[in-house]
Every structure is written in structure tokens, then in C-alpha cells.
Amino acid sequence: MEIVVPIVTPFTSDGKIDETKVRTHVENLLKKGVDIIFVNGTTGLGPALSAEEKRKMFDATIEVTDKVIFQVGSLNLSETMELVSYANKKDLIAVASYPPYYFSIPKEFIVKYFKDICSKSSNAVYLYNYPSATGKDVDADMVKEIGCISGVKDTNPDFAHTLRYKELGIKTYNGSDSLAMTSMASGLDGTVSGAGNYAPEILNQIRESLRNGDVGSAIKNQFVLIDLVNLTKRVGQFSAIYELVEEFQGYSVGYPRDPIYPLSKDSSEKLREEARKIWKK
Ligand SMILES: O=C(O)C(=O)C[C@@H](O)[C@H](O)COP(=O)(O)O
């Protein structure tokens with residue numbers, strides 16, 4: 001029942017990565033029971049990061065822990081390969097990648113993309129499958145055809161789709177916050193939860209309740225998480241997370257970066273007030 005958090009990327013007001021804030025955030029999450037840090041994911045605005053910025057996020061995180069999944073994917077394979085090679089010299093759990101997104105490409109290209117990454121990587125290679133964001137579904141049959149994927153984060157409301165990967169005997173996580181409890185209760189290896197940035201305690205409470213057979217409490221906390229996530233989606237999920245980390249964890253993780261605009265002062269205050277009503281810490 002692992003808790004994996006795809007961390008935010010803390011930017012300064014002029015759009016640079018603030019490595020000190022990365023380390024502070026990672027240290028706190030580990031203290032709060034998070035097991036693995038996923039860098040350069042969706043919540044980390046991965047597709048908006050340059051290769052150098054992805055590397056910076058990875059370097060800042062591995063200063064604190066080697067329990068890291070390093071998302072390296074991009075639409076420039078040579079950049080991705082540079083990051084894979086860079087990771088070959090480091091200690092981490094795995095490199096990961098979403099499939100090439102935006103462009104309509106044949107399935108064979110996706111298979112080749114992951115085979116190319118595997119051929120370069122001395123680390124485990126994980127798939128980040130997020131069909132609603134990338135427009136591509138690299139399902140269990142494709143993973144079998146690729147033949148070298150040893151883990152997957154499947155952000156998918158279709159839990160049966162996620163279970164199919166587990167049949168392959170690979171590390172399997174679901175990346176939907178609304179399925180955090182199900183992911184931990186169902187024989188997957190755990191949950192990947194963006195909400196874990198600001199509410200790691202809730203994920204831990206769900207896990208402890210499940211370990212104690214207290215499904216009632218687990219579901220109650222899952223509903224709190226769902227309500228918080230739905231609240232963030234109403235104002236801009238990826239900007240709202242920065243606000244709620246400060247509100248609930250007590251430190252700043254800087255700002256998002258335009259065009260993922262920071263919330264206005266008024267929106268931030270309203271969000272925080274609503275969030276405190278949902279989660280009476
Ligand atoms: O930020 C990441 O890399 C994640 O895994 C979480 C991501 O898959 C996404 O934010 C999940 O959104 P939903 O809970 O599916 O609305």
C-alpha cells in the first residue's frame with residue numbers, strides 16, 4: 001500500500017525552479033508517511049518543463065531521497081534520452097514517461113518510443129498512462145508488446161483497466177485521487193495522488209484504516225479527499241494545489257508558472273476558506 005506523490009514544481013515569481021522549496025516539500029512529505037516521490041508529472045507541470053528543468057527537479061529531490069520516480073518524457077526523443085542517460089548514473093526507483101502526446105501517431109511509434117527508452121536505460125522503466133490528458137491509451141496488451149516496462153501509473157477512472165496491468169506482474173499504481181482508497185485496498189502496489197501534496201495525512205489515515213479493517217473510516221476520508229480535489233478543479237486544479245500546500249502544510253511551494261497562472265488573492269482566500277470547511281485538520 002505505497003503512497004506516491006507527484007510533487008508540484010515550485011517556481012519563483014520569475015519562473016525559475018526554487019530547489020530549496022523542492023527539498024523542504026519532499027522532506028515534509030516523507031515525514032508525513034509518503035513513500036515515493038514522482039517528479040515532473042502532471043501536477044509537477046511536466047509537459048511545461050524543459051529537459052534542464054526536469055533534471056533540476058530530479059537533482060533537488062534525490063538530495064533528500066532515492067525513492068524517486070523520474071518522469072523524463074517529452075516530444076523530443078533526444079532530450080528524453082539525455083535524461084535517461086543522466087539517470088543511469090544515479091540511484092532511483094525508475095524513470096517514467098508518458099507516451100508521445102498531442103500528435104496522432106501509429107501504435108508502432110509508441111511501442112518503439114518505449115523500446116528506445118528501455119534500450120538506453122539501466123534503470124527500471126515505468127509507463128505513465130494518462131489517456132484523457134495524452135490522447136493515447138498504452139493498455140496492458142501494449143505493455144506486453146513493448147516487453148520492457150516494469151511499472152505503470154495509470155491515471156484512469158476505469159479501475160478494471162488498471163487491474164489488467166497487475167495481471168502482468170508489474171508494479172501498478174492508479175493516479176486518480178478519487179481512487180486512492182481503492183488503489184490501496186485492491187492489491188495494486190499503491191496510489192499516486194496529486195492531493196497528497198497538501199493532504200498526505202489523509203492518505204495515511206486511509207491506509208491505516210484499511211490496515212485496521214476500518215473501511216468506514218477509509219471511505220469517509222476518501223470522500224474528504226474527493227471534495228478537496230473537486231474544490232481545486234473549480235478554480236484551477238494545478239494552481240490551487242500550491243495554495244493548499246501552504247494552507248495545510250504550513251510552508252510555501254512558490255508559484256505555478258504562466259499560463260498555469262497563480263490564483264488571485266481573492267480566489268486564494270475563498271479556496272482556503274472552503275478547504276478548511278471540508279478538511280477540519
Ligand atoms: O500529477 C500526476 O502526475 C498524477 O499522477 C495525478 C494526475 O494523474 C492527475 O492530477 C489525476 O487527476 P484526477 O484525480 O484523475 O482528476
Side-chain angles (χ1 to χ4, degrees), residues 2 4 6-7 9 36-42 44-62 65-131 133-156 161-162 164-175 188-190 192:
E2 292 166 337
V4 185
I7 56 170
T9 297
I36 298 173
I37 304 294
F38 189 101
V39 293
N40 310 324
T42 306
L45 308 183
L49 301 180
S50 67
E52 188 44 39
E53 289 171 331
K54 289 188 176 86
R55 192 201 320 267
K56 262 194 186 152
M57 277 302 293
F58 173 58
D59 282 344
T61 303
I62 58 169
T65 179
D66 59 3
K67 299 287 178 279
V68 183
I69 300 173
F70 177 24
Q71 201 290 122
V72 297
S74 78
L75 290 173
N76 177 343
L77 184 60
S78 60
E79 279 189 4
T80 296
M81 295 303 225
E82 277 167 33
L83 295 175
V84 172
S85 303
Y86 182 76
N88 285 344
K89 309 175 195 88
K90 307 285 182 179
D91 290 331
L92 67 160
I93 292 176
V95 292
S97 181
Y98 24 68
Y101 50 88
Y102 189 88
F103 299 107
S104 167
I105 51 176
K107 193 184 88 166
E108 297 71 39
F109 287 14
I110 297 172
V111 171
K112 183 169 173 21
Y113 172 83
F114 283 102
K115 283 178 178 283
D116 285 350
I117 291 176
C118 290
S119 64
K120 179 72 98 174
S121 182
S122 59
N123 291 299
V125 177
Y126 283 17
L127 158 68
Y128 179 6
N129 193 51
Y130 193 175
T134 63
K136 307 288 185 308
D137 182 13
V138 185
D139 62 14
D141 292 335
M142 272 183 81
V143 166
K144 210 167 170 182
E145 187 180 342
I146 294 165
C148 60
I149 300 284
S150 52
V152 59
K153 166 176 52 161
D154 186 30
T155 295
N156 210 311
H161 181 280
T162 306
R164 290 287 324 282
Y165 296 105
K166 202 57 211 160
E167 276 178 297
L168 302 177
I170 63 175
K171 276 272 193 185
T172 304
Y173 305 91
N174 183 284
L188 293 195
D189 293 278
V192 180

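Residue numbers start at 1 and run along the sequence shown. These values consider heavy atoms only, across backbone and side chains, with no hydrogens, waters or symmetry-generated copies. Please read these numbers as outputs of a predicted model, since none were measured by experiment.
Here the NZ-OG distance, from K112 to S119, works out to 7.5 Å after rounding to the nearest 0.5 Å. Atoms CG and OH, on N40 and Y98 in that order, are 7.0 Å from each other to the nearest 0.5 Å. The OG atom of S150 sits 11.5 Å away from atom CG of L168, with the distance rounded to the nearest 0.5 Å. For the atom pair D66 CG and I37 CD1, the distance stands at 11.5 Å (nearest 0.5 Å). Atom-to-atom distance recorded for I7:CD1 and T61:OG1 is 4.0 Å, nearest 0.5 angstrom. Atom OG1 in T9 sits 4.0 Å away from atom CE in M57 (nearest 0.5 Å).
The pair E2-K171 meets the salt-bridge criterion, with a side-chain N (NZ, NE, NH1 or NH2) lying under 4.0 Å from an Asp/Glu carboxylate O. For the pair R55 and E52, the salt-bridge criterion is met [side-chain N within less than 4.0 Å of a carboxylate O].
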Derivation of the side chain to side chain contact (heavy atoms under 4.5 Å, CB included) call for D59 and Y86: CA-CA 10 Å; D59 282 344; Y86 182 76; 2.7 Å; yes

Derivation of the salt bridge (Lys or Arg N to Asp or Glu O under 4.0 Å) call for D116 and K120: CA-CA 7 Å; D116 285 350; K120 179 72 98 174; over 6 Å; no

Residues E167, R164; criterion salt bridge (Lys or Arg N to Asp or Glu O under 4.0 Å); working and verdict: CA-CA 5 Å; E167 276 178 297; R164 290 287 324 282; 2.7 Å; yes

Evaluation steps, side chain to side chain contact (heavy atoms under 4.5 Å, CB included), between D189 and K166: CA-CA 9 Å; D189 293 278; K166 202 57 211 160; 2.6 Å; yes

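The shortest non-hydrogen separation linking A51 to L83 is O-CD2, 3.6 Å. The shortest non-hydrogen separation linking T134 to P99 is OG1-CG, 4.1 Å. Between I110 and P100 the shortest heavy-atom distance is CG1-CD, 4.5 Å. Here the shortest heavy-atom pairing between F70 and A87 reads CD2-CB, 3.9 Å. The heavy-atom pair separating K153 from P6 by the smallest distance is NZ-CB, 4.3 Å. Closest heavy-atom contact between S74 and K54: CB-NZ, 4.3 Å.
Between the N123 side chain and the V95 main chain, no donor and acceptor come within less than 3.5 Å of each other. Side-chain atoms of N129 do not come within 3.5 Å of backbone N or O of D154 as any donor-acceptor pair. For the pair S78 (side chain) and N76 (backbone), a donor-acceptor distance under 3.5 Å is absent. The backbone N or O of N156 lies less than 3.5 Å from a partner atom in the side chain of N174, making a donor-acceptor pair. Listed for the K136 side chain is no donor-acceptor partner under 3.5 Å among the backbone atoms of Y101. In terms of modelled atom types and a separation under 3.5 Å, the side chain of T80 and the main chain of V72 share a donor-acceptor contact.
Few gaps surround CG on N88; more than 12 heavy atoms of other groups in view lie less than 6.0 Å from it.
By the 6.0 Å and 45° rule, K90 does not stack over the aromatic ring of F58.
Of the candidates K115, K107, E108, E145 forms a side-chain contact (heavy atoms from CB on, under 4.5 Å) with just one, namely K107. Across L127, I149, V152, V111, a single residue satisfies side-chain contact (heavy atoms from CB on, under 4.5 Å) together with V138, and that is L127.
Between F103 and F109 there is no side-chain heavy-atom pair separated by less than 4.5 Å. Counting only heavy atoms from C-beta outward, the side chains of L188 and T162 approach each other to under 4.5 Å. Between I93 and K67 the shortest side-chain heavy-atom distance falls below 4.5 Å.
Between Y128 and Y130, the two ring planes are parallel [angle under 30°; tilted spans 30° to 60°].
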